[in-house]
Enquirer: 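Mind having a look at this structure? Questions to follow.
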Amino acid sequence: VQLQASGGGGLVQAGGSLRLSCAASGRTSSIYMMAWFRQAPGKDREFVARITMSGGRALYSDSVKGRFTISRDNAKNTMYLQMNSLKAEDTAFYYCTTSRVNLSGPELLVDALYDYWGQGTLVTVSS
């Protein structure tokens with residue numbers, strides 16, 4: 001599976017919105033769920049949200065709940081992250097990733113348990 005993330009790269013003011021996309025190609029039938037992680041300068045990579053390909057069940061980290069919305073378009077093998085009410089602390093590289101199995105609870109937070117990763121797209125929010 002290959003993942004191509006896009007939508008970042010510019011500067012967004014605090015309170016603004018941005019939508020990220022992640023297009024998957026290859027053996028996409030093996031994907032059970034897709035997720036977004038982010039990594040801010042000097043910090044560890046952290047879980048943001050995930051969505052199952054069948055059923056579209058979404059989960060969010062507490063830091064983005066109510067502001068971010070994850071979605072997917074199975075026909076296009078693409079996942080999205082709509083980010084609203086952006087804050088300076090949302091500044092980070094955002095990475096999309098996949099899993100062939102259902103990860104739940106603490107497993108969701110462990111990036112080593114995921115299978116494939118995109119290249120990352122930079123989101124910069126100015127305060």
Side-chain angles (χ1 to χ4, degrees):
V1 174
Q2 295 79 45
L3 301 174
Q4 181 69 42
S6 62
L11 184 65
V12 181
Q13 287 196 337
S17 298
L18 198 63
R19 190 177 82 154
L20 304 181
S21 300
C22 177
S25 59
R27 291 192 61 185
T28 57
S29 61
S30 67
I31 300 172
Y32 177 84
M33 52 179 263
M34 297 183 73
W36 290 98
F37 277 70
R38 67 185 181 185
Q39 187 167 22
K43 295 188 176 181
D44 293 335
R45 192 156 52 181
E46 66 170 356
F47 171 82
V48 175
R50 74 91 160 131
I51 189 164
T52 60
M53 304 312 288
S54 177
R57 295 184 301 277
L59 287 175
Y60 300 91
S61 67
D62 288 343
S63 61
V64 307
K65 197 176 297 181
R67 299 188 298 121
F68 291 10
T69 302
I70 191 172
S71 62
R72 90 276 186 252
D73 183 335
N74 287 350
K76 297 181 179 179
N77 292 317
T78 300
M79 171 181 65
Y80 305 97
L81 186 68
Q82 178 65 44
M83 304 185 293
N84 298 329
S85 302
L86 282 163
K87 305 175 181 179
E89 49 264 43
D90 294 319
T91 295
F93 275 97
Y94 283 71
Y95 298 89
C96 56
T97 183
T98 66
S99 175
R100 290 166 291 176
V101 300
N102 181 29
L103 301 174
S104 60
E107 295 174 337
L108 281 170
L109 312 181
V110 181
D111 55 5
L113 295 179
Y114 291 78
D115 300 315
Y116 300 98
W117 291 83
Q119 83 286 6
T121 186
L122 179 61
V123 173
T124 306
V125 183
S126 63
S127 57

Enquirer: Shared ILVMFWY cluster between Y95 and M53, side chains joined below 4.5 angstrom?
Expert: no
Enquirer: Please say yes or no: joined through hydrophobic side-chain contacts below 4.5 Å, possibly via intermediate residues, are W117 and V101 part of one cluster?
Expert: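 Result: yes, single cluster for both.
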Enquirer: Give the minimum heavy-atom separation between F68 and V48, together with the two atoms involved.
Expert: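 What the structure gives for the nearest pair is CD2-CG1, 3.9 Å.
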Enquirer: Are V1 and S30 packed together at the side-chain level, in the sense that at least one heavy-atom pair is separated by less than 4.5 angstrom?
Expert: yes
Enquirer: Does any N or O in the side chain of Q119 come within less than 3.5 Å of the main-chain N or O of Q4, such that one atom is a donor and the other an acceptor?
Expert: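 Answer holds: no.
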Enquirer: Hey, does M83 have a side-chain heavy atom less than 4.5 Å from the side chain of V123?
Expert: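 A side-chain contact exists here, since the closest heavy-atom pair is under 4.5 Å.
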Enquirer: Out of curiosity, T28 OG1 to Q2 CD, how far, rounded to the nearest 0.5 Å?
Expert: 10.0 Å
Enquirer: Main chain of R57, side chain of T52: is a donor-acceptor contact present, judged purely on distance under 3.5 Å?
Expert: yes
Enquirer: Measure across I70 and M79 and return the closest heavy-atom pair with its distance rounded to 0.1 Å.
Expert: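 Scanning both residues, the minimum pair turns out to be CD1-SD, 3.8 Å.
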Enquirer: Quick one: which residue pairs count as a disulfide (SG to SG under 2.5 Å) with a foot in residues 66-127, not counting sequence neighbours?
Expert: C22-C96
Enquirer: Do W36 and V64 have side-chain heavy atoms sitting under 4.5 Å apart?
Expert: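 They are not in side-chain contact.
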Enquirer: Looking only at heavy atoms, which two atoms of S127 and A14 are closest? And how far apart?
Expert: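 For S127 and A14, the tightest heavy-atom pair comes out as CA-CB, 4.2 Å.
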Enquirer: Taking the side chain as everything from C-beta on, heavy atoms only, tell me whether R38 gets closer than 4.5 Å to S61.
Expert: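 No. Closest side-chain heavy atoms not under 4.5 Å.
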Enquirer: Do L109 and F93 share a hydrophobic cluster, counting only Ile, Leu, Val, Met, Phe, Trp and Tyr and linking them when any side-chain heavy atoms are less than 4.5 Å apart?
Expert: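 Looking at the clustering, F93 is in the same group as L109.
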Enquirer: Answer yes or no: is there a donor N or O on one side and an acceptor on the other, between the side chain of T97 and the main chain of Y116, under 3.5 Å?
Expert: yes
Enquirer: Looking at E107 and N102, what are the two nearest heavy atoms and their distance?
Expert: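 Where E107 meets N102 most closely, the heavy atoms are OE1-O, 4.1 Å.
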Enquirer: For residues Y60 and T69, report the shortest heavy-atom separation together with the two atoms involved.
Expert: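 What the structure gives for the nearest pair is OH-CA, 3.4 Å.
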Enquirer: Under a 4.5 Å cut-off applied to non-hydrogen side-chain atoms, are F37 and Y114 in contact?
Expert: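 F37 reaches Y114 side chain to side chain.
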Enquirer: To check you understand the geometry: which heavy-atom pair defines the closest contact between S71 and I51, and what is its length?
Expert: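 Looking at all heavy atoms of both residues, the closest pair is CA-CD1, 3.6 Å.
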Enquirer: Flag yes if Y32 and Y80 sit in one hydrophobic cluster, no otherwise; membership is Ile, Leu, Val, Met, Phe, Trp, Tyr, and two members link when side-chain heavy atoms are under 4.5 Å apart.
Expert: no
Enquirer: Which value, rounded to the nearest 0.5 Å, describes the distance between D90 atom CG and R67 atom CZ?
Expert: 4.0 Å
Enquirer: For K65 and D62, what are the C-alpha separation, side-chain angles and deciding distance, and is it a salt bridge (charged side-chain N to carboxylate O under 4.0 Å, His left out)?
Expert: CA-CA 5 Å; K65 197 176 297 181; D62 288 343; 3.3 Å; yes
Enquirer: Is there a path of hydrophobic side-chain contacts, each under 4.5 Å between heavy atoms of I, L, V, M, F, W or Y residues, that connects I31 with F47?
Expert: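 Different hydrophobic clusters.
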Enquirer: Could you grab the distance from atom CG of L11 to atom CD of Q13, nearest 0.5 Å is fine?
Expert: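 It comes to 7.5 Å.
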Enquirer: Which distance, rounded to the nearest 0.5 Å, do you find between the CD of E46 and the OG of S63?
Expert: 5.0 Å
Enquirer: With rounding to the nearest 0.5 Å, note down the distance linking CG in L81 to CE in M34.
Expert: 11.5 Å
Enquirer: For R72, check side chain to side chain donor-acceptor pair (under 3.5 Å) against everything at least two apart and list the hits.
Expert: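 Side chain to side chain donor-acceptor pair (under 3.5 Å) list for R72, sorted by chain: empty.
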Enquirer: Can you check whether L3 reaches T98 side chain to side chain, under 4.5 Å on heavy atoms?
Expert: yes
Enquirer: Taking the side chain as every heavy atom from C-beta outward, state whether M33 and L59 have any atom pair closer than 4.5 Å.
Expert: no
Enquirer: Could you tell me whether the side chain of T91 and the main chain of V125 form a donor-acceptor pair under 3.5 Å?
Expert: yes
